[in-house]
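Encoded as structure tokens, the structure appears first; notes follow it.
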Amino acid sequence: MIKMQLTGATDTGGWHWDGCRWISGRSWIEPFTHPAIEHVMVTTPESGQSCLIVREAASGRQPVTKIRRVMSDPGYRREVEEADAWPLQAVRVEMAAGHGVRITCGERGVAPLYLHPTGGQLNVSWDLLDLDPETDDLDAREVAAMLAYRSRYSTATVFRTIRQLTERATAAWDHTTGLSIGYPPPALHSRPRILHPDADPVAAFSDLLRREVTARPLSTDGCAVELSGGMDSSMTALALAETVGPVRTAALMLGGDVGDQQHRRRCEISARARLGPDLTVPVAEFGPFHPTGPRANGRPTSPTDGAYAEAMNELYSRLSAAGARWVFTGVGGDELCFQRPEERVLTGDPWNLHPVPDHLGPRARDALLHIEDDLAPASVLHASTLLALAVHSATAMRHGLWPISPLAAPLVLRFSESLPLEWRRGKRLMRLRLEQAGYSREVVHPPLRENFAVTCEAAMLQDGLPLLCQWLPGSILTLQGLLDPVELSTECATVATTGQGASELYRPLALEAALRSLAILAATP
């Protein structure tokens with residue numbers, strides 16, 4: 001939500017707004033410029049404290065962008081406590097004369113901040129690309145986790161010098177003692193309960209989603225929803241249609257028979273819900289490592305970018321050009337239907353854990369032994385939701401779009417966690433929502449599985465494999481012992497011969513592409 005450069009430990013007084021940034025001395029803080037975001041600088045002369053509060057605008061609250069001076073420390077604390085209780089995403093930056101800086105973020109995890117202390121100053125941004133990452137000293141554990149499909153949620157990133165501010169955490173910094181991040185207490189989660197005989201989970205779920213959407217002041221013409229046709233995005237689209245109106249829809253479109261099914265299902269959803277104009281991008285034309293895309297051409301790419309970054313950038317670019325300012329997503333839907341380990345024992349539904357790839361290097365394999373160390377405490381939202389939000393947020397915000405994911409709301413998750421297993425398993429709750437709204441069986445129970453696996457495999461075979469073979473001799477990851485060049489070369493040869501398994505090479509290539517692009521950027525005068 002913000003970018004900043006902070007110097008010294010006493011830059012507290014004299015903050016002024018220049019129309020773009022809050023400035024005091026050589027320090028500056030730049031909020032994300034968007035109608036969804038408001039910010040206020042609270043100061044008190046009594047103790048020389050200042051606090052910048054940057055938050056998502058909430059319905060029924062008077063928007064502010066100004067300096068608010070309070071004459072007493074208790075009044076100042078009340079303002080800060082109000083920021084803590086803000087119902088939507090919020091970040092606060094506190095500064096006090098003679099002390100360091102404290103940065104605290106909310107529980108929703110939208111647009112997480114990355115922190116880079118360097119040269120006696122602290123640089124912070126929601127976009128890793130702003131922070132000049134150093135590619136010659138990577139965090140082996142984070143790289144290993146990424147390459148081995150073992151997601152970690154902590155303050156660490158793949159760059160040893162850059163930290164992530166996790167949900168509800170507080171970062172403290174000054175130019176003498178450096179940076180530290182304090183974790184919050186573990187969040188509490190609900191357990192399944194027995195439903196009251198006259199309970200209506202579908203109605204309650206629908207009402208929660210509508211309340212989440214209307215918690216923000218929105219305009220119909222400025223909103224768009226990613227409507228893939230899946231259960232998650234459909235829930236978001238229906239809630240928008242029922243509250244905001246005929247908003248624009250958008251999607252990455254699949255090919256072949258699956259794409260035909262996706263098209264029919266999206267058309268039915270859009271027509272019945274009376275949604276607005278549609279914008280689509282054929283994902284096959286903008287697949288991973290497409291020769292005209294940024295990753296294949298060495299343009300700056302973040303390790304946090306998604307697998308379909310080329311296609312998503314095209315989609316978001318078109319949405320922005322069409323006038324969209326808010327983009328709604330279905331992120332968080334899978335986690336609403338999460339099965340606890342003891343429930344999987346009862347149902348027999350497997351927990352699909354990707355095997356550790358053979359191409360990991362010795363340094364990465366050693367790091368995997370400590371993969372469970374130093375994790376953040378239990379978060380309000382599931383860690384997998386927070387990781388997905390980080391990917392979507394940065395991509396959307398680079399195009400001037402503010403992302404909103406109603407399914408990734410604390411109250412919605414708490415409600416879902418409280419439901420008996422039979423309501424969560426197979427996304428029954430969501431399917432009943434569509435069924436009760438009158439949708440066809442193809443919409444409620446599509447016979448063909450709609451995902452991008454085929455697209456990824458084809459793109460990696462055609463465009464990714466040659467690129468990986470070209471880069472492998474001087475690979476940054478192999479030189480640091482994080483990939484095994486012999487094993488990876490063997491896998492590349494096998495894929496080239498058999499034409500199968502190309503998607504298994506995606507992660508090493510994606511991370512290598514990001515690191516190479518950042519190394520090129522650092523070397524550019």
Side-chain angles (χ1 to χ4, degrees), residues 1-2 31-32 34-39 52-61 80-93 103-114 124-127 153-155 164-171 181 183-190 208-218 225-226 232 235-236 239-240 304 326-336 338 376-397 401-417:
M1 296 174 72
I2 53 179
F32 181 58
H34 194 281
I37 304 301
E38 62 183 34
H39 44 99
L52 176 65
I53 301 165
V54 182
R55 61 198 181 196
E56 189 177 3
S59 298
R61 311 278 184 132
V80 174
E81 289 168 4
E82 180 184 344
D84 286 342
W86 195 252
L88 301 175
Q89 179 66 2
V91 174
R92 74 172 191 264
V93 185
I103 309 170
T104 304
C105 69
E107 63 189 17
R108 287 179 174 249
V110 183
L113 295 178
Y114 301 97
V124 181
S125 180
W126 50 262
D127 191 345
Y153 186 63
S154 74
T155 63
Q164 178 186 189
L165 187 60
T166 52
E167 58 93 47
R168 297 179 297 133
T170 296
I181 299 180
Y183 282 134
L188 300 178
H189 284 262
S190 299
L208 279 174
L209 291 183
R210 288 191 291 266
R211 287 167 56 187
E212 177 65 19
V213 170
T214 56
R216 306 158 173 85
L218 301 168
V225 57
E226 293 179 24
D232 305 339
M235 296 300 101
T236 298
L240 272 168
T304 62
W326 291 266
V327 59
F328 281 78
T329 84
V331 171
D334 289 342
E335 288 78 2
L336 295 185
F338 178 78
S379 48
V380 173
L381 298 174
H382 286 298
S384 55
T385 299
L386 296 168
L387 293 169
L389 287 172
V391 172
H392 276 75
S393 297
T395 306
M397 291 169 68
L401 301 170
W402 179 250
I404 301 174
S405 303
L407 301 178
L411 281 179
V412 176
L413 175 60
R414 182 173 299 177
F415 166 77
S416 182
E417 288 177 330

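Index from 1, following the sequence.
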For [X], enumerate each residue passing the side chain to side chain donor-acceptor pair (under 3.5 Å) test, keeping only those at least two apart in sequence or located in another chain.
{"X": "S59", "result": "none"}
{"X": "H189", "result": "E417"}
{"X": "W326", "result": "none"}
{"X": "R168", "result": "none"}

Got a second to check how far [X]'s [atom1] is from [Y]'s [atom2], nearest 0.5 Å?
{"X": "I404", "Y": "T236", "atom1": "CD1", "atom2": "OG1", "answer": "10.5 Å"}
{"X": "E82", "Y": "R92", "atom1": "CD", "atom2": "CZ", "answer": "12.5 Å"}
{"X": "E56", "Y": "M1", "atom1": "CD", "atom2": "CE", "answer": "6.5 Å"}
{"X": "Y183", "Y": "T166", "atom1": "OH", "atom2": "OG1", "answer": "5.0 Å"}
{"X": "L411", "Y": "L209", "atom1": "CG", "atom2": "CG", "answer": "11.0 Å"}
{"X": "M397", "Y": "S125", "atom1": "CE", "atom2": "OG", "answer": "8.0 Å"}

Least distance between heavy atoms, [X] atom then [Y] atom:
{"X": "W126", "Y": "A394", "result": "CZ3-O, 3.8 Å"}
{"X": "S384", "Y": "E335", "result": "OG-OE2, 2.7 Å"}
{"X": "V213", "Y": "L240", "result": "CG1-CD2, 3.8 Å"}
{"X": "V54", "Y": "P31", "result": "CG1-CB, 4.2 Å"}
{"X": "S393", "Y": "V110", "result": "OG-CG1, 3.8 Å"}
{"X": "L113", "Y": "I2", "result": "CD2-O, 3.5 Å"}

With sequence neighbours excluded, residues passing side-chain contact (heavy atoms from CB on, under 4.5 Å) with [X]:
{"X": "A215", "value": "L88"}
{"X": "S405", "value": "T329, V331, L389, A408"}
{"X": "T304", "value": "Y114, L128, S302"}
{"X": "P410", "value": "E107, R108, V380, L381"}

- Message: Can you confirm whether more than 12 heavy atoms, excluding those of R211, are under 6.0 Å from its CZ atom?
- Response: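 Counting neighbours around CZ of R211, 12 or fewer heavy atoms of other residues, nucleotides or ligands fall under 6.0 Å, so no.
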- Item | Check: L336 and L413 side chains under 4.5 Å, non-hydrogen atoms | yes
- 4.5 Å side-chain heavy-atom contact, P377 and P185: no
- Message: Checking R414 now: which residues fulfil salt bridge (Lys or Arg N to Asp or Glu O under 4.0 Å) with it, not counting sequence neighbours?
- Response: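 So R414 forms no salt bridge (Lys or Arg N to Asp or Glu O under 4.0 Å) with any residue.
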- Task: Take I103 and T170, measure what side chain to side chain contact (heavy atoms under 4.5 Å, CB included) needs, and give me the verdict at the end.
- Result: CA-CA 5 Å; I103 309 170; T170 296; over 6 Å; no
- Task: Sort out for me which residue in V91, T155, I181 forms a side-chain contact (heavy atoms from CB on, under 4.5 Å) with L165.
- Result: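 Of the listed options, the one satisfying the test is I181.
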